[in-house]
Amino acid sequence: MIIINKVSELETYVARERNNGRSIGLVPTMGALHAGHLSLVERAVKENDDVIVSVFVNPTQFNNPDDLATYPRTEEEDCRLLAKGGVSVAFVPDVNEMYPKGAVHEKDFELGTAAEVMEGKFRPGHFQGVAQIVSRLFELCRPNRAYFGEKDFQQIAVIKNMVESEGIDVDIIPCPIKRADDGLALSSRNALLTPEQRAVAPAIYKALKEGVEYSKSHTVKETHDMIVNAVNANAGLETEYLEIVDARTLLPVENWEESPEIQGCITVYCGKVRLIDNIKFR
Ligand code: PAF
C-alpha cells in the first residue's frame, strides 16, 4: 500500500491506473477506522482492481466546532489496518491540500428534499459539506464504485442525489451496518464514550428492535413514542429525534401502508456524544 498526501500525486496515480484499464473502488472515511469501515474495504477489495481509502476529517461538514475538535484521529493505526486489508492507496491529505482556498462552502449542491430533513434540520450545512468533499474525492479518484455504510442512511440518499445532479458516473454501493456484540452500531464516535456511557448506549438499538416488533400491532405514532420513551428511560440517553420515514424519499410516514419501504432513523445524545442509528420497519 502507498500512502499519498498530495492531490497531484493522487491524480498521477489515478491517471496511470485508469489508462491501464484498471477499475477503482473508493472508500471515503474520516479515519478512526473500525470493523464497519473494514467491511466496506473488504468488499471494495473484492470488487475492484485498485482500492483507494481516503482518511480526512472534513471541516466543512461539521456545524459544531467542538465536535470537529474532539473528533477522534488515529492516522497511524488507520494506515496499518488499511495496509493489512489489501488497500492500494491510503489518501491522507491535510486541510490545505483539500481546500487550498480555505475550508468554506464554495457552491450550493442540489441535494433534494432528502437533505432538508433529520440531519439536514439539526445540522445546518452538514450535507453541503459532505457533498463538497465527496464530489471532490470523486473528481480526484475517478472511482467506478464508492462504498458507504448504511449507519449513515440519510447520507447515502443525499450522495445519490448529488451524483445525479452533478452527472457523476459512479456506482454508489451501500453496505450494511456493523454492530458490536451488544448491538451498538459501530461508529468512530464510540471511542469518545466513557465506560458508563458505552454500557448504556446499546439501549438505542434494543429500543429500535423492540419498536419493529411493537409496530406490528401499533400505529406509527405509538411506535415512535414507545421507542423514544424506551431510549430516554436510560439515564444519560436523550433522543434528539426519531423519524419514521419512507426509505426512498426520507419524508415522514403517518401509517404503515404509506410505503413498502419504511425506515426509522434516530439520533441520541449520550452525554455530549451524538450517536445515530437506523432500522428497517418495512
Ligand atoms: O461518512 C463519513 O465518514 C463522511 O461523511 C465522509 C463520507 C467520509 C465524508 O467526509
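Atoms within a ligand are numbered from 1 in the order they appear, just like the ligands themselves. Numbers here simply count residues along the sequence, with the first being 1.
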Discussion item. Under a 3.5 Å cutoff, is there a donor and acceptor pairing between the side chains of Asn144 and Arg22?
Written reply: no
Worksheet item: Cut-off 3.5 Å, side chains only: do Asn58 and Tyr71 have a donor facing an acceptor?
Response: no
Fill in: Region of Thr29 engaging ligand 1 - heavy atom pairs below 4.0 Å
backbone
Give the atoms of ligand 1, by number and element, whose distance to some non-hydrogen atom of [X] is under 4.0 Å.
{"X": "Ile133", "value": "9 (C), 10 (O)"}
{"X": "Pro28", "value": "8 (C)"}
{"X": "Met30", "value": "3 (O), 4 (C), 8 (C), 10 (O)"}

Worksheet item: Does an N or O from Gln155, backbone or side chain, lie closer than 3.5 Å to an N or O of ligand 1?
Response: yes
Discussion item. I'd like to check whether Gln61 has a polar contact with ligand 1, where a contact means an N/O of the residue lying under 3.5 Å from an N/O of the ligand.
Written reply: yes
Worksheet item: Is the Lys NZ or Arg CZ of Arg179 less than 6.0 Å from the centre of Tyr205's six-membered ring, within 45° of the axis?
Response: yes
Item to complete: Assess whether side-chain hydrogen bond (donor to acceptor under 3.5 Å, both in side chains) is satisfied between Glu119 and Tyr241, documenting all intermediate values.
Response: CA-CA 9 Å; Glu119 294 298 277; Tyr241 67 77; 2.5 Å; yes
Worksheet item: Is a salt bridge present between Lys280 and Glu150, judged by a nitrogen-to-oxygen distance below 4.0 Å?
Response: no
